[in-house]
Amino acid sequence: RLKLRSVTRTNDRWDFVSLIELVSAGVQSSRDPKLMGLYARALAGKGSYDRADVQLERAYPLYVKEIELGNLSRTSIRDWYEDLYSVYANRDPGEGEELAVTVVSENETFWDSVGLSTYWGLFGEQGLAKAIEIQKGVTDRSRSEEPDVYPAMLMMLGSYQVAHGDPQAA
């Protein structure tokens, strides 16, 4: 599954149809949010964007539940945002953010903010200003909410700033 996650985040061609066939039966009965995310990526790759969005909407609460149960780490929610990027890579990124805000609702966590920053950062130059804006808030929040990850959040912010052509800010 890790290999599939890596491949589906690149511009490399991959066999969307085979992946859809491979997981479609299992996804219908699956409670595995990561498998649902891969399925959403495949659906988006075939242009079935509405179906991909539904898979993302179904997967998010399962991520939350698995995190609460201790089956996934709290940082795992970032995978959902990477799936969101893959589904919206050829669409309006703002609409992807709207989907995230709707799905997350009032239950937004620190790691959701990190995920949203990652989402925007994955768009490259097109999304870096937004990623920086969000990551600045994440970095500030990390001091009180997740002090152990403050250095990592600061490095993430710096990497966005450098990629955006502002090494002085980093």
Side-chain angles (χ1 to χ4, degrees), residues 1-10 27 30-44 52-89 91-164 169-170:
R1 203 174 343 165
L2 187 57
K3 174 74 172 161
L4 280 173
R5 291 188 70 75
S6 298
V7 169
T8 59
R9 228 179 93 185
T10 68
V27 165
S30 175
R31 304 288 297 162
D32 182 343
K34 292 181 182 243
L35 183 61
M36 295 170 82
L38 288 172
Y39 187 49
R41 290 175 185 223
L43 290 169
D53 289 352
V54 168
Q55 288 303 311
L56 290 173
E57 290 168 356
R58 289 183 58 221
Y60 183 85
L62 294 177
Y63 266 107
V64 171
K65 183 177 181 177
E66 292 300 310
I67 291 167
E68 289 171 354
L69 292 172
N71 297 330
L72 293 174
S73 74
R74 65 192 194 278
T75 64
S76 295
I77 200 67
R78 287 181 66 191
D79 292 344
W80 185 86
Y81 287 91
E82 290 180 10
D83 293 336
L84 181 68
Y85 164 76
S86 293
V87 169
Y88 279 85
R91 299 164 70 188
D92 179 354
E95 290 178 10
E97 181 178 27
E98 287 175 23
L99 176 68
V101 168
T102 301
V103 169
V104 173
S105 188
E106 69 276 350
N107 301 319
E108 183 262 341
T109 68
F110 172 82
W111 289 103
D112 282 301
S113 296
V114 174
L116 192 58
S117 172
T118 301
Y119 168 76
W120 280 103
L122 289 169
F123 282 99
E125 189 57 41
Q126 175 186 3
L128 284 172
K130 186 79 170 180
I132 290 167
E133 174 189 330
I134 295 167
Q135 191 62 31
K136 283 180 179 179
V138 165
T139 303
D140 289 342
R141 283 177 66 184
S142 70
R143 290 181 187 208
S144 61
E145 293 181 41
E146 298 274 352
D148 55 320
V149 299
Y150 174 73
M153 296 301 105
L154 200 55
M155 287 175 52
M156 201 169 156
L157 173 60
S159 70
Y160 291 153
Q161 291 168 324
V162 168
H164 194 48

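Hydrogens, waters and symmetry mates are skipped; everything else that's a heavy atom, side chains included, is used. Residue numbers start at 1 and run along the sequence shown.
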G121 to A131 - nearest heavy-atom pair and separation: N-CB, 3.5 Å
Test log, rule side chain to side chain contact (heavy atoms under 4.5 Å, CB included), inputs L35 and Y39: CA-CA 6 Å; L35 183 61; Y39 187 49; 5.8 Å; no
Short side-chain to backbone donor-acceptor contact, S105 and N107, under 3.5 Å: no
Non-hydrogen side-chain atoms of F110 and V149 separated by less than 4.5 Å: yes
Pair V101-E108, side chain to side chain contact (heavy atoms under 4.5 Å, CB included): steps then yes or no: CA-CA 8 Å; V101 168; E108 183 262 341; over 6 Å; no
Between CG on residue L56 and CZ on residue R41, distance to nearest 0.5 Å: 9.5 Å
Y119 and F123 aromatic ring geometry - parallel, tilted or perpendicular at 30°/60° bounds: perpendicular
Side-chain heavy atoms of E66 within contact of S76, under 4.5 Å: no
Y160 side, atom OH; L157 side, atom CG - distance, nearest 0.5 Å: 9.0 Å
Spacing of W80 atom CH2 and D112 atom CG [to the nearest 0.5 Å]: 8.0 Å
Minimum heavy-atom distance Q126-P93, with the two atoms named: NE2-CG, 3.3 Å
Between D83 and Y60, a side-chain donor and acceptor under 3.5 Å: no
From CD1 (I77) to CG (L116), nearest 0.5 Å: 12.0 Å
Geometric cation-pi criterion, R91 with Y88: 6.0 Å, 45°: yes
Closest non-hydrogen atom pair, R74 against D148: NH2-OD2, 3.8 Å
From E145 atom CD to Y150 atom OH, the distance as rounded to the nearest 0.5 Å: 14.5 Å
Any donor-acceptor N/O pair, Q135 side chain to M153 backbone, under 3.5 Å: yes
Candidate pair S142 and T139, rule side chain to side chain donor-acceptor pair (under 3.5 Å), full reasoning: CA-CA 5 Å; S142 70; T139 303; 5.5 Å; no
Shortest non-hydrogen contact between A100 and L84, atoms and distance: CB-CD2, 3.8 Å
Validation row: M156, V138 side chains within 4.5 angstrom (heavy atoms): no
Separation between NZ of K136 and CG of L154, rounded to the nearest 0.5 Å: 12.0 Å
Which atom of S73 lies closest to which atom of I67, heavy atoms considered: O-CG1, 3.5 Å
Minimum-distance pair of heavy atoms, taken over all atoms of Y63 and L72: CD2-CD1, 3.8 Å
